[in-house]
Amino acid sequence: MEPATFVLFGATGDLAKRKIYPALYQLYIDQKLPSSFSFIGLGRRELTHTSFQANVEKSLLTFSRSDVKDAVRIKKFLNSFQYHVLDVDRKEDYTKLLKLVEDREAELNIMPNRMFYLSVGPEFFETIATNIHESGLGSASGWKRLVIEKPFGHDLESARQLNHTLNQAFDESDIYRIDHYLGKPMVQQMGQLLQSTLTEQDLRTRTIASVQISAIETLGVEERAGYYDHAGAIRDMFQNHMLQLLMMLTIEFPKRSSADEVVNLKSKIMKSLMPLNKIDVTQHVVRGQYASGVIKEEQVVGYTDEAGIALGSHNDTFIAARLRVDDPFWKDTPIYIRTGKRLKEKVTRIVIEFTSEGPVKDLLTIEIGPDEGITFLKSRSDLAFSDVETSLRSQLSFTKKEVNVKDAYETLIHDALLGDKTYFAHWNEVELSWEWVQPILDAYQDNLIPLHIYPAGTYGPQEANELLMKDGFHWWFDNRNASDNDATKGEFNIYEYTN
């Protein structure tokens, strides 16, 4: 790996502490960082290099998945870290930063390869990218890369404007849009595992009745009120993470896929999504907002009673949608997606239901979090209830039950340093995602889609169940304690498999 300078905007922020520093430390332990590596953290707060390094060490003690007791190793790692005060709006600060970067490169005798990671609010992306360009920070002879976190705009128009500004400073090939779902091992292998599983289990000739993609959580808005009340579930989760899961599920990876091949395949899926129009959205989309309720035997307040949320807020904390892909394999298969906050459990799961006669169905389940694995639940025609489960987890080299599972940020930061964009969101798919979502946003704006209130600790509004019931389906696994006689309501008697 080529030597590099890692410049982090937002070095004192929560994301840096929880994800970026632990990921860099793990890469260091695994010998996956460049042998000559310089880290410059930027923020508005006045800090010395020593106090900054102490803060980084504290984050490692709290969040690292590896042992942080080796003082010599920690010291060597932290010696690469420096801190610099920078106001993103002050152009002269970028000139000072350029001098600091150049001096450090000269000291280490390394090429001017520079990665600029923007761990800041999206409102600063354009300002920072422009100032990097105008200051000459990105004009050196080595490579330059810009890493940004979602959201990439808040609607189609703003996303296009953001992309236009970024492209004035960086080529598209140098822009790395992080969607951390794409860094998850299961998500990266999902397409290949699914296709091989369909073949091995003799399922390719079977008709898929429906697909369900759920990413639900028990947490509320927490400390993110300022951002979340303007974003909602549709911008925070649906437009990016959920549609990325859909793309990764429905594309068939070539065995050796280049980043360009993956972008083309994912873009093809997005172009194949049957579009919605603003008037018909109500037939395909349900939105909701959590009220007070009980989570894990504790009473929690409703969304509008959360700190920082306006009392009359109509922001969505839940969305469910029905989609169809006009693709030879997935054509005529309804795909249901839901995501929301303050729900009964935390899980990210995909369920593929196959057509079969009788009340009991054959299901292929893909667990993405908190456990990871693929399981085929096979019904028997001579039984009222399925008692056969084939675990396919043995195909996988990972499982969440392992102690030290690689974090998505480790993979994505390593890929960015290598210049591998395979598992980053390309502008093409980002734009196509916003194009598909825009009619929903327009319908929200015109209040064409009712906001359904649901109690915290449930699985969302009843209307989300009715969305599937109209097609003869139901959400699977929402009733963990259902009896055998309740199989038709969406519950199997699951047996636990561990490796």
Side-chain angles (χ1 to χ4, degrees), residues 122 125 146 148-167 170-183 187-188 190-191 211 213 215 231-254 257-278 280-281 284-285 319-331 333-339 350 421-445:
F125 290 171
L146 181 73
I148 60 175
E149 296 271 350
K150 72 168 186 72
F152 315 121
H154 61 269
D155 58 15
L156 179 58
E157 182 181 357
S158 64
R160 284 173 171 165
Q161 174 57 48
L162 170 62
N163 192 64
H164 175 76
T165 302
L166 295 182
N167 285 159
F170 291 83
D171 292 336
E172 174 60 32
S173 60
D174 297 326
I175 301 173
Y176 290 69
R177 300 173 185 84
I178 280 192
D179 184 315
H180 74 268
Y181 271 51
L182 294 177
V187 175
Q188 292 189 355
M190 185 164 57
V211 176
I213 305 175
I234 189 169
R235 293 181 175 93
D236 186 51
M237 287 289 295
F238 188 91
Q239 180 273 331
N240 37 73
H241 299 323
M242 305 308 292
L243 290 182
Q244 285 290 344
L245 288 179
L246 171 65
M247 287 182 255
M248 295 297 286
L249 174 72
T250 52
I251 67 174
E252 187 166 355
F253 276 95
S257 304
S258 69
D260 288 342
E261 284 178 306
V262 174
V263 168
N264 291 336
L265 289 169
K266 290 166 73 179
S267 298
K268 184 178 178 182
I269 288 295
M270 286 308 304
K271 290 176 182 176
S272 300
L273 269 188
M274 296 178 68
L276 301 178
N277 63 63
K278 186 172 73 171
D280 294 337
V281 162
H284 302 274
V285 176
I319 178 173
R322 174 175 51 201
L323 307 85
R324 289 184 183 272
V325 178
D326 189 11
D327 168 90
F329 186 81
W330 299 99
K331 190 175 182 180
T333 302
I335 299 175
Y336 304 98
I337 296 178
R338 65 174 172 175
T339 182
I350 296 173
K421 293 190 66 175
T422 305
Y423 297 108
F424 290 83
H426 191 278
W427 167 244
N428 286 359
E429 61 207 60
V430 172
E431 183 178 35
L432 289 167
S433 297
W434 277 120
E435 285 181 355
W436 196 86
V437 165
Q438 189 60 49
I440 305 177
L441 296 176
D442 293 341
Y444 278 18
Q445 181 67 33

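Computed from heavy atoms alone, side chains included, the values below leave out hydrogens, waters and symmetry copies.
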When E172, E429, E431 are each screened for salt bridge (charged side-chain N to carboxylate O under 4.0 Å, His left out) with R177, the one that passes is E172

Closest contact, heavy atoms only, V281 versus P439
CG2-O, 3.9 Å

Could you list the residues that satisfy salt bridge (charged side-chain N to carboxylate O under 4.0 Å, His left out) with D155, not counting sequence neighbours?
none

Taking the side chain from N264 and the backbone from D260, do they hold a donor-acceptor pair closer than 3.5 Å?
yes

Is any side-chain heavy atom of T250 closer than 4.5 Å to a side-chain heavy atom of V211?
no

Just so I know, are the side chains of I213 and Y336 near enough to count as touching, which here means a heavy-atom distance under 4.5 Å?
no

From L323 atom CG to W330 atom CH2, the distance as rounded to the nearest 0.5 Å
13.0 Å

Would you say that W427 contacts I175 through its side chain, given a criterion of any heavy-atom pair below 4.5 Å between the two side chains?
no

Would you confirm whether K150, through its side chain, and R235, through its main-chain N or O, come within 3.5 Å as a donor-acceptor pair?
no

Side chains of Q438 and D442, donor plus acceptor under 3.5 Å
yes

Matching residue for I335 among L249, I350, L246 - test: side-chain contact (heavy atoms from CB on, under 4.5 Å)
L246

Calculate, to the nearest 0.5 Å, the distance between atoms CD1 and CD1 belonging to I234 and I319 respectively.
4.0 Å

Could you tell me the separation between the CE atom of M274 and the CH2 atom of W436, rounded to the nearest 0.5 Å?
11.0 Å

Using a 3.5 Å distance criterion without hydrogens, assess whether the side chain of K266 forms a donor-acceptor pair with backbone atoms of M248.
no

For residues F424 and L182, report the shortest heavy-atom separation together with the two atoms involved.
C-CD1, 4.0 Å

Given side chains that start at C-beta, do those of H426 and S267 come closer than 4.5 Å, heavy atoms only?
no

Determine the interplanar angle of the H241 and Y181 rings, folded into 0 to 90°, and report it as parallel if under 30°, tilted if 30 to 60°, perpendicular if over 60°.
parallel

D171 (side chain) donor-acceptor with D174 (main chain) under 3.5 angstrom:
no

So does D326 pair up with K271, basic N to acidic O under 4.0 Å?
no

Would you say that Q239 contacts H154 through its side chain, given a criterion of any heavy-atom pair below 4.5 Å between the two side chains?
no

Does the side chain of I337 come within less than 4.5 Å of L245's, by heavy atoms?
no

Residues passing the side-chain hydrogen bond (donor to acceptor under 3.5 Å, both in side chains) test with R324, sequence neighbours excluded, are none

Of the non-hydrogen atoms in L265 and I251, which two are nearest, and what is the gap between them?
O-CG2, 3.5 Å

Is a donor on one side and an acceptor on the other found under 3.5 Å between the side chain of W434 and the backbone of F152?
yes

Taking only residues two or more places apart in sequence or in another chain, which ones pass side chain to side chain contact (heavy atoms under 4.5 Å, CB included) with Q445?
none

Contact summary for H284 and D280, nearest pair of heavy atoms:
CD2-O, 3.3 Å

What's the spacing between D179 CG and E149 CD if we round to 0.5 Å?
9.0 Å

Interatomic distance, CD@Q244 vs CE@M237, rounded to 0.5 Å, equals 12.0 Å

Do any N or O atoms from the side chain of T339 and from the backbone of A215 form a donor-acceptor pair under 3.5 angstrom?
yes

Rounded distance (nearest 0.5 Å) linking atom CG of N163 with atom CZ of F125:
12.5 Å

